[in-house]
Amino acid sequence: MGLDYLAYCAPGSPFYDAPSPGDDDLVAHAGTAPEGWRTEMNEQWHSWHPPGVNLPGQGWKIHVSATASNCRSILDRVLGYCRDNAVPVKFLRSTAVLASRNSKYGDRGSSGKFITVYPPEASRLGPILNDLDDLVGGEDGPSILSDLRWRRGPVYVRYGGFTLVYGRDAHGRHVPCITAPDGSLVPDERRPGFHPPAWVELPSVVQEAMRSRESGVLVDFPFTVDSALHFSNGGGVYRATDTRTGDTVLLKEGRPHAGLDETGSDAVARLATERDMLRRLEGAPGVPRVIEDRRGHEHQFLIRDFVEGVPLVQEIHRRNPALPGAESMDPDAYTDWASSVLRQVQAGVDAMHERGVVFGDLHPGNIIVSSDGAVGFIDFESASLADDDRAQSIGAPGFRAPLGWSGRSVDDFALANLRLALFLPLTETLAWAPHLPEALARSIESIFPRAGALIEPAARFLRAPGTTDEGPASPVGNGPRGSALGRGVLSSATPERRDRLYPGDIGQFRSPTAGLEFAFGAAGVQWAAHVTGQPVPRAHVEWLRHAADDNEALGPGLFEGRAGIALALIAAGETDAGARHLDIAKSHPVKLMDGSLWRGIPGLGLCLADAGTDTAHVVALGAALRDRVREESTGAPGLFEGGAGRALFFARLAALTVDDEWIDDAVRQLDRDLGLLGWRPGVEPDARSPWHNPMLSGGAAGCALAAREILAHRQDDRLRALVEAVRDTSGPLCRGMLTHSGVLRGRAGTAMALRTLWRGEEMSDAAAGALRRLDDAMELSVVPLADGGALAFGDMSLRLSADWATGAAGLQHACAVIDGGAPLLPVLSASLLSPTA
């Protein structure tokens, strides 16, 4: 589960959205800035800037942390100091934002940051640090993991940007950046740990803080850490050795005032709960023994027996034949194994209840399976006394009980979901689709014929009142394929918003341009509507045109950038606007473009080739790409980020120029990916090899698509064998079912790739069966709407999405690919719509 998605899941909303800042209670508490000071406010911060103070773009800055109980008092003192000394400052606009940053699932690199103070000159850094320590030193506040503590805290210091400048990281993502001495933008490191840029000289005050940190060793702490197992905002979990006995133990860390749950309890309080519950349960089946708990510096540590084994969630993905990459195991054998696990889990939970304890956070990540099949339980920090009849304060998506459930029924709900998740881990969807427990049970029984007795009680237990065994009519199959999805997408539009038109993935909120681009934004939705023959309201097209015209931050790319927006505008009849955006994209400096189909040279080049307006520029882009990647052998493989996407572009250049050397370049790029994925002709890769990744975004499908494109220009038995290895019998696209539904990382993309690779040929029985299963599984991702439309779950299945990459527009497009011969991507050539040469 991507924990970063949880921050975008507002209670009660069916869509991912930017976290709400709350009611701006801290802005109201601060009052008005001094006369003449400039104020600004964004999604999280409110800033005060004195007149006549010109800050550099980056430098040493100061952070102050706080808790819910002392934040107003600390804010008063720090703002008063900044006002009196003409120091620029910003602070979180509400206690809701502060609570979110300090929550269990908050970003560890941002945790604790409440106030930021910007020294106007480097020489004032030391005096300001000392003055703030005099004012607030020793106050409670979570530690700021990306910074150096100044003396007693809660004052911290780090080097970083003073103004927000976006650039790209090594994976091509939009991230805050600072400027290196050579003028290039490099990521502004905000991850845990003090990471000043190598070129920055540490001031004497920072060196003092460094010496203080290095001298702070744990005293009388008889445990040595062997490895880190997990990190959250509440602290780390470590495998360690007890130096007194030599035993392997588990060391669990709690950070004071951090890792807050919904009741406001911090990680230290939950560690105390876990200690007490484990002692109450000592000797119960599968429950580890507490060794001791102790404090080290400010952090609390719980030490318990180390439970040997692997999390059940990993075992499910290793064994389950319904999931991609599973080891060879037939459905009946898996059902027997799952039955054994369920018996032990049920017995363990029953034993807890007999001792008056509710586990409170039962899910496959908190269940350990040993090498001999025995089951153990971990993470009792959410446990409670059954007599208290408490509701959950923390719970894993897909296993958390609905509002109103409490006490033992919380565990009963999680157990019912576990029965289903052991076979198809899609229980995150059930909260938003009351018909899905029965639909999920039917899908499970179609794959695991002997699982009925295990899952029937769960489906009956979870069925919403008023639903039937049959559930609603298929929303994907109502009328023309995908029409209900198309209606749902358009009805979800919010043209009054400026950041996005249609709800989509959280990627919409991680870039200033993503809400209008092809992957997660309006362009992809409107292109999918066009390719499926659905009219788009004129107002929606105009929203996209105006938003693109007004956004100077757009890059040149296809799925992320102007080129993809241009394709959508041209498809909507806005030919002049689309051509204008292609011209702007063409003018982007090639040296600043990356080599990916997603956002770089190949995507733009293919768009320009389709437009047919400037072959010379397309060839020049190809030459620049050839020079850049000819010797490259590292990086992510696959269609969108790797060599397969570049191979598609080189093959198109061969068609444009009738120059076979471009095919040589295409084959080199394809071979690069195949090496990274572990495929060789005639050698079956290991079951856990990246080759078996069926996602369109990063696995074998992109290689096969590129190979088929190359085969239109050159006969090659090796590449033909590659296509066969991907698309038939036990190939990646025919093995198992992805838990996501979308184009990028889910079932829609796999189905589209499989159908495209058989275009113009009669599918084999194995491939046809796999496509049918993928097609049927779309029903498990679709939620009918009251108006007759439908939407689909986005990635992580926590909320609905309308976008192309993860949501309903992608499923709508997939229906057209499967049924009507639509292109898988907007820039694929005709050779992928016809038989292999």
Could you tell me whether Arg497 and Asp17 make a salt bridge, using a distance below 4.0 angstrom between a side-chain N and a carboxylate O? yes
The single option from Lys61, Arg158, Arg190, Arg191 passing salt bridge (charged side-chain N to carboxylate O under 4.0 Å, His left out) against Asp147: Arg158
So which heavy atom on Pro192 is nearest to which on Arg108, and how close? CG-NH1, 3.3 Å
Ion pair check, Arg510 and Asp4, cut-off under 4.0 Å: yes
Report the residue from Met593, Arg562, His588, Arg599 that forms a side chain to side chain contact (heavy atoms under 4.5 Å, CB included) with Leu604. Met593
Does the plane of the ring in Phe518 sit parallel, tilted or perpendicular to the ring in Phe559? Use 30° and 60° as the thresholds. perpendicular
Going by atom types alone, do Thr806 and Asp795 pair a side-chain donor with an acceptor below 3.5 Å? no
Check: Tyr502 ring centroid to His540 ring centroid under 6.0 Å: yes
Return yes if a side-chain donor-acceptor contact under 3.5 Å exists between Trp598 and Glu560, otherwise no. yes
Residues Arg498, Asp550: salt bridge by 4.0 Å N-O rule: no
Residues Tyr5 and Asp505: side-chain donor-acceptor under 3.5 angstrom: yes
Indicate whether the side chain of Gln534 and that of Gln812 have a donor and an acceptor atom separated by less than 3.5 Å. yes
His46 and Phe91 aromatic centres sub-6.0 Å: yes
Give the table of side-chain donor-acceptor pairs shorter than 3.5 Å for residues 93-101, with sequence neighbours excluded, one pair per line with atom names and distance.
unit_1: Arg93; atom_1: NE; unit_2: Asp24; atom_2: OD1; d: 2.6
unit_1: Arg93; atom_1: NH1; unit_2: Asn42; atom_2: O; d: 2.5
unit_1: Arg93; atom_1: NH2; unit_2: Asp24; atom_2: OD1; d: 3.2
unit_1: Arg93; atom_1: NH2; unit_2: Asp24; atom_2: OD2; d: 3.1
unit_1: Ser94; atom_1: OG; unit_2: Pro21; atom_2: O; d: 2.1
unit_1: Ser94; atom_1: OG; unit_2: Ala96; atom_2: N; d: 3.4
unit_1: Ser94; atom_1: OG; unit_2: Val97; atom_2: N; d: 3.2
unit_1: Thr95; atom_1: OG1; unit_2: Asp25; atom_2: OD2; d: 2.7
unit_1: Arg101; atom_1: NE; unit_2: Gln44; atom_2: OE1; d: 3.2
unit_1: Arg101; atom_1: NH1; unit_2: Ser110; atom_2: O; d: 3.3
unit_1: Arg101; atom_1: NH2; unit_2: Gln44; atom_2: OE1; d: 2.8

Give a yes-or-no answer on whether the side chains of Tyr159 and His195 include a donor-acceptor pair shorter than 3.5 Å. no
